[in-house]
Amino acid sequence: PQCTAHPFLAAHRPRARDPAEPTRGRPPAPSFPALPAPPCGTRRARAGRGASGRGGAMRRGERRGAGGPRPGSPAPARAAAPEEPPDGAPAARAPGPGRRSTESEVYDDGTNTFFWRAHTLTVLFILTCVLGYVTLLEETPRDTAYNTKRGIVASILVFLCFGVTQAKDGPFSRPHPAYWRFWLCVSVVYELFLIFILFQTVQDGRQFLKYVDPRLGVPLPERDYGGNCRIYDPDNETDPFHNVWDKLDGFVPAHFIGWYLKTLMIRDWWMCTIVSVMFEFLEYSLEHQLPNFSECWWDHWIMDVLVCNGLGIYCGMKTLEWLSLKTYQWQGLWNIPTYKGKMKRIAFQFTPYSWVRFEWKPASSLRRWLAVCGIILVVSPAPRPPPRAPRPPPTAAVRQFLLAELNTFYLKFVLWLPPEHSLVLLRLVFFVNVGGVAMREIYDFLDDPKLHKKLGQQAWLVAAITVTELLIVVKYDPHTLTLSLPFYISQCWTLGSALLLTWTVWRFFLRDITLRYKETRRRQQQSRAPPARAGGHGDPQPPGPGKDPGLAPAREGRQHPHDL
């Protein structure tokens, strides 16, 4: 039925056939009573729902043709459902069947400004001019070491320019796709640097860092980590709580921010809590290898787990709730009339384009269970530095991967890097930017394997970087890694591993076999049970052979065709 109020629809509405009109050899069609037309404006109201205040902006997909595909045109392929548009432009999927149930709807007016257009020729022209200036107008110095460093830096910059303009986009596009392409290329450069270090001898690898910073390549001085762990120190009459005040420095808000960002990346309260508690046990287990992990008990469980980690997880979950309920309406900057709206639009440029709620469901299948266990073993917070250790800058405590976080301490130990060095800070900032993209690509790979048939590029690089760092640690200092665990620690890990393996076998193997056996027994008992007596007052009589149960009510009496 169509709306009769519109003149075009009223003129093209099919007319009713006259009963006296000849049927030209066809059997007469049954006449049905006319159904009332729906009220006009229903579709318009539904299309504009949620888009109030945007000047009649339509939902994505309706803008491209509300009438559906043209007759004879090929059916469009099911597009990906990323959190950000794949090409970085505002145009993306329709909110219909292609959108997952955990993904928010996006309203976009389709504005494509200079900010979103590709500038490949512009970047190529600027790069050519710079290289021409260096070649033709600048005199090359006679310092071989300086020329080597400058040549390596120039090669890296050229590669970054190529990657920023030509690399494939990832799942994110805010604040700009080029930002995430830049970090993808930085991942490639960092992996190549690690491969180079891996193929050097231990002495050459440590001395090679002198080319980066002449202060490196020197053994680190031994430090006394540990100390007084009493909360109330009666020996100190001036300040008995000096041990507590020593921990309340700039690292506390940094640790809170790190767990806040981690929660936004994992998007699951249970996983974050398990990782938070598990890493504290890991610090207890590795105290015999690295003294950096030696902390007071109240520093582990009160300062870390309850205060910093717990508060960061809570605020992160509240932010996730707001992001999942937020309406994602995007409008071109020049289409917004007020200056306040323009400033708000600029600020929202640094927020997600859309939002996907993560539903890990670890117990749904063996594949997802193993993947979640791998993520828990790989993801971890940045631990607090020891009480008397020099504390890094606050931003150095942001979100890390577990193995990558362990590599942070072991790489500093085997490569003789001071904890306060800028290379340590840059590495942590690097993992902050690539960790969120890798986590989203891992979730897409698990959630929709038919659409995402291979692991994402950033997740692949993060895994390769983490393994390469571990290999460097194993090669440069195998003695530290081969130190045997204390007996009670090894017994605890053995017991925990045995319980985890037992639950996995029961949940995904024995439980399924038991359920299938019970179902088979139930069907056998039903098949052996005597059939119910026909014609009784209990169950209705089953239809005879050749009879359709669906036609039985129609034969009881004549019914109008409309009632059928």
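Everything quoted here is computed from the prediction, not taken from an experiment.
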Participant: Ignoring hydrogens and angles, tell me if any N or O in the side chain of D304 forms a donor-acceptor pair with the backbone of N309 under 3.5 Å.
Facilitator: no
Participant: For a quick test of reading the model, state the closest non-hydrogen atom pair linking N407 to T466 and the distance between them.
Facilitator: ND2-O, 3.3 Å
Participant: Does NZ or CZ of R440 come closer than 6.0 Å to the centre of the six-membered ring of W180, within 45° of the ring's axis?
Facilitator: no
Participant: Step by step, would you call F430 with V462 a side-chain contact (heavy atoms from CB on, under 4.5 Å)?
Facilitator: CA-CA 10 Å; F430 163 76; V462 168; 5.8 Å; no
Participant: Please report, to 0.1 Å, the donor-acceptor pairs under 3.5 Å made by any side chain of residues 186-197, with sequence neighbours excluded.
Facilitator:
{"unit_1": "S187", "atom_1": "OG", "unit_2": "W183", "atom_2": "O", "d": "2.8"}
{"unit_1": "S187", "atom_1": "OG", "unit_2": "Q458", "atom_2": "NE2", "d": "3.0"}
{"unit_1": "Y190", "atom_1": "OH", "unit_2": "E469", "atom_2": "OE2", "d": "2.5"}
{"unit_1": "E191", "atom_1": "OE1", "unit_2": "T468", "atom_2": "OG1", "d": "3.4"}
{"unit_1": "E191", "atom_1": "OE2", "unit_2": "T468", "atom_2": "OG1", "d": "2.9"}

Participant: Applying ring pair (Phe, Tyr, Trp, His ring centres under 6.0 Å), name anything that partners W360, two or more places apart in sequence or on another chain.
Facilitator: F358, Y443
Participant: Would you mind listing every salt bridge (Lys or Arg N to Asp or Glu O under 4.0 Å) that reaches into residues 471-485, with sequence neighbours excluded?
Facilitator: none
Participant: What's the spacing between L470 CG and L481 CG if we round to 0.5 Å?
Facilitator: 7.5 Å
Participant: Run the numbers on F162 and L127 for side-chain contact (heavy atoms from CB on, under 4.5 Å), then give the verdict.
Facilitator: CA-CA 10 Å; F162 167 78; L127 181 62; over 6 Å; no
Participant: Taking salt bridge (Lys or Arg N to Asp or Glu O under 4.0 Å) as the cut-off, I'd like each qualifying pair that reaches into residues 343-361, sequence neighbours left out, listed once.
Facilitator: R357-E359, E359-K361
Participant: Which distance, rounded to the nearest 0.5 Å, do you find between the CG of L286 and the CZ of F409?
Facilitator: 10.5 Å
Participant: Can you list every pair that meets salt bridge (Lys or Arg N to Asp or Glu O under 4.0 Å) and has a residue in residues 193-219, with sequence neighbours left out?
Facilitator: D213-R215
Participant: Rounded to the nearest 0.5 Å, what's the gap from CG on D444 to CG on L455? Could you check?
Facilitator: 10.5 Å
Participant: Kindly indicate whether the side chain of F431, heavy atoms from C-beta on, has any atom under 4.5 Å from the side chain of I465.
Facilitator: yes
Participant: Under the side chain to side chain donor-acceptor pair (under 3.5 Å) rule, collect the residues that match up with Q289, sequence neighbours excluded.
Facilitator: Y410
Participant: Any heavy-atom pair between the side chains of K342 and W334 that's under 4.5 Å?
Facilitator: yes
Participant: To check you understand the geometry: which heavy-atom pair defines the closest contact between V356 and R267, and what is its length?
Facilitator: O-NH1, 2.6 Å
Participant: For G151, is there any backbone N or O sitting under 3.5 Å from a side-chain donor or acceptor partner on S155?
Facilitator: yes
Participant: Around F159, counting heavy atoms of other residues, nucleotides and ligands shown, do more than 12 lie under 6.0 Å from its CZ?
Facilitator: yes
Participant: I'd like to check C315 versus F256 (side-chain heavy atoms, cut-off strictly below 4.5 Å). Are they in contact?
Facilitator: yes
Participant: If you measure only the distance, is there a donor-acceptor pair under 3.5 Å linking the side chains of Y260 and T319?
Facilitator: yes
Participant: Side chain of Y328, backbone of L323: donor and acceptor closer than 3.5 Å?
Facilitator: yes
Participant: Does some side-chain heavy atom of L333 sit less than 4.5 Å from a side-chain heavy atom of Q349?
Facilitator: no
Participant: So do R368 and D447 actually touch side chain to side chain, heavy atoms under 4.5 Å?
Facilitator: yes
Participant: Is there any ring-ring contact (aromatic ring centres under 6.0 Å, His included) pair reaching into residues 125-151, and which pairs are they, with sequence neighbours excluded?
Facilitator: none
Participant: Could you tell me if the side chain of L461 sits less than 4.5 Å from the side chain of V434, heavy atoms only?
Facilitator: no
Participant: Okay, side chain of W259, backbone of C308: is any donor-acceptor separation there less than 3.5 Å?
Facilitator: no
Participant: Do the side chain of H288 and the main chain of S285 share a donor and acceptor less than 3.5 angstrom apart?
Facilitator: yes
Participant: For G312 and T263, which heavy atoms make the closest approach, and how far apart are they?
Facilitator: O-OG1, 4.0 Å
Participant: Measure across V106 and S354 and return the closest heavy-atom pair with its distance rounded to 0.1 Å.
Facilitator: CG2-CB, 3.3 Å
Participant: Evaluate whether atom CG of L137 has more than 12 neighbouring non-hydrogen atoms of other residues, nucleotides or ligands under 6.0 angstrom away.
Facilitator: yes
Participant: Under the criterion side-chain contact (heavy atoms from CB on, under 4.5 Å), I'd like the reasoning laid out for V307 against L311: C-alpha separation, chi angles, the key distance, then a yes or no.
Facilitator: CA-CA 6 Å; V307 178; L311 191 59; 5.6 Å; no
Participant: Rounded to the nearest 0.5 Å, what separation is found between the NZ atom of K262 and the CD1 atom of I257?
Facilitator: 14.5 Å
Participant: Is there side-chain contact between C161 and L124, with at least one heavy-atom pair below 4.5 Å?
Facilitator: no
Participant: Got a second to check how far L428's CG is from N433's CG, nearest 0.5 Å?
Facilitator: 11.5 Å
Participant: What I'd like to find out is whether the side chain of E441 reaches to under 4.5 Å of the side chain of V437, using heavy atoms alone.
Facilitator: yes
Participant: Using ring pair (Phe, Tyr, Trp, His ring centres under 6.0 Å) as the criterion, list what pairs up with F348, not counting sequence neighbours.
Facilitator: none
Participant: Just verifying a value: how many Å separate L320 CG and I313 CD1, rounded to the nearest 0.5 Å?
Facilitator: 11.0 Å
Participant: For a quick test of reading the model, state the closest non-hydrogen atom pair linking L417 to L220 and the distance between them.
Facilitator: O-CD1, 3.6 Å
Participant: For T273, give me all partners under side chain to side chain donor-acceptor pair (under 3.5 Å), at least two apart in sequence or on another chain.
Facilitator: none
Participant: Who are the ring pair (Phe, Tyr, Trp, His ring centres under 6.0 Å) partners of H119, not counting sequence neighbours?
Facilitator: F114
Participant: If you look only at pairs with a residue in residues 144-161, which of them pass as a salt bridge (Lys or Arg N to Asp or Glu O under 4.0 Å), with sequence neighbours excluded?
Facilitator: E138-R150
Participant: Looking only at atom types and distance, does a side-chain atom of Q457 sit under 3.5 Å from a main-chain N or O of K168, one as donor and one as acceptor?
Facilitator: yes
Participant: Taking the six-membered ring of F445, is NZ or CZ of R367 closer than 6.0 Å to its centre and within 45° of its axis?
Facilitator: yes
Participant: Taking all atoms of both residues into account, what is the closest heavy-atom pair of S276 and E280, and its distance?
Facilitator: O-CG, 3.5 Å
Participant: Can you name the side chain to side chain contact (heavy atoms under 4.5 Å, CB included) partners of A167, sequence neighbours left out?
Facilitator: R181, L184
Participant: Sub-3.5 Å donor-acceptor pair from the side chain of S324 to the main-chain atoms of E321, do we have one?
Facilitator: yes
